[in-house]
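Quick notes on the structure that follows.
By convention here, the first residue in the shown sequence is residue 1.
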Amino acid sequence: LFEPFFTTKELGKGTGLGLPNVRDIVTQHGGFVEVQSLVGKGTTFRIYLPVEEVPLTDGAEQAREVIVGGSGELILVAEDDISVLNITRATLEANGYHVRTASNGAEAIALFAEYRAEVRGIVTDLTMPIMDGRALIIALRGLNAQAAVVLMTGDPESAKIAGMATQVQGILRKPFTAPMLLKTLREALDQVKTPSPPA
């Protein structure tokens with residue numbers, strides 16, 4: 001049930017990332033998931049999370065340290081999973097970024113060509129149809145793109161990303177939280193010098 005990319009749905013109908021995402025999020029918060037399933041009767045999921053009392057002032061201080069938004073920078077997001085794409089876009093827009101979206105690398109290249117002078121960051125999935133994230137990054141570097149690149153992946157140990165560390169400014173492991181996305185993107189943007197506007 002919790003294996004990434006395992007699904008009983010027909011081809012194109014399921015990604016097999018729903019339950020792995022739930023498990024990873026719960027585990028990151030110190031909890032666990034209990035499953036009971038009976039043929040013909042259904043399945044019950046119980047999520048257990050630890051209780052911890054944290055003073056509000058401490059929590060607010062931590063939130064200020066973790067969540068760092070943008071200042072109107074244009075970010076290009078390439079992701080073929082519509083739910084991940086929408087959540088990523090909404091998170092970035094709610095935190096001070098302008099966003100353009102693409103469902104694959106080819107669309108991302110077309111958008112980059114259109115907004116090249118404005119794009120400051122690119123957040124791309126590794127696995128996409130038509131043109132994947134690795135090919136997109138290679139193409140962008142071939143175009144001498146002066147933009148920070150963050151690579152999203154459900155498998156950070158994949159052989160596909162071996163040797164890509166020098167071509168990206170950040171790697172974001174799925175599933176991720178809003179603070180993780182914002183922190184990784186901010187750190188990536190800070191590594192790339194903003195080009196001077198054209199004269």
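- Counting heavy atoms from C-beta on, the side chains of M152 and L181 never come closer than 4.5 Å.
- When all heavy atoms are compared, the tightest approach of T184 to G170 is CG2-CA, 4.2 Å.
- In terms of heavy-atom proximity, T124 sits nearest to G133 at OG1-CA, 3.8 Å.
- For the side chain to side chain donor-acceptor pair (under 3.5 Å) test, no residue two or more places apart in sequence or in another chain qualifies with E93.
- Hydrophobic side-chain contacts under 4.5 Å tie F32 into a cluster, directly or through other members, with Y48.
- Side-chain contact between E187 and V150 is absent, with no heavy-atom pair separated by less than 4.5 Å.
- Here the closest non-hydrogen pair linking L126 and D132 is O-CB, 3.2 Å.
- By the 4.0 Å N-to-carboxylate-O rule, E73 lies too far from R120 to be salt-bridged with it.
- Between L189 and Y97, some side-chain heavy-atom pair lies under the 4.5 Å cut-off.
- Side-chain contact between L151 and L172: absent, with no pair of heavy atoms (C-beta onward) separated by less than 4.5 Å.
- Inter-residue side-chain proximity for R100 and E118 is flagged as unmet; no heavy-atom pair is nearer than 4.5 Å.
- Taking every heavy atom of both residues into account, A188 and A148 meet most closely at O-CB, 3.4 Å.
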Check the pair F112, L143 against side chain to side chain contact (heavy atoms under 4.5 Å, CB included), reporting the backbone distance first and the verdict last. CA-CA 10 Å; F112 178 77; L143 293 170; 4.2 Å; yes
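- A search for side chain to side chain donor-acceptor pair (under 3.5 Å) contacts involving S37 returns T43, not counting sequence neighbours.
- Here the closest non-hydrogen pair linking A78 and L136 is CB-CD2, 4.2 Å.
- Residues V77 and R89 fail the side-chain proximity criterion, which asks for heavy atoms closer than 4.5 Å.
- In this structure the side chain of Q36 reaches within 4.5 angstrom of the side chain of R46, judged on heavy atoms.
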Test side chain to side chain contact (heavy atoms under 4.5 Å, CB included) on L92 and L182; report intermediate values, then the result. CA-CA 7 Å; L92 295 178; L182 295 169; 4.0 Å; yes
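- The shortest distance between side-chain heavy atoms of I171 and T153 falls below 4.5 Å.
- Residues Q169 and Q191 approach most closely at O-NE2, 3.0 Å, considering heavy atoms.
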Begin from the C-alpha positions of V35 and T44 and carry the test side chain to side chain contact (heavy atoms under 4.5 Å, CB included) through to its verdict. CA-CA 6 Å; V35 184; T44 301; over 6 Å; no
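- Although no hydrogens or angles enter the test, the distance criterion places no donor-acceptor pair under 3.5 Å between the side chain of D125 and the main chain of M128.
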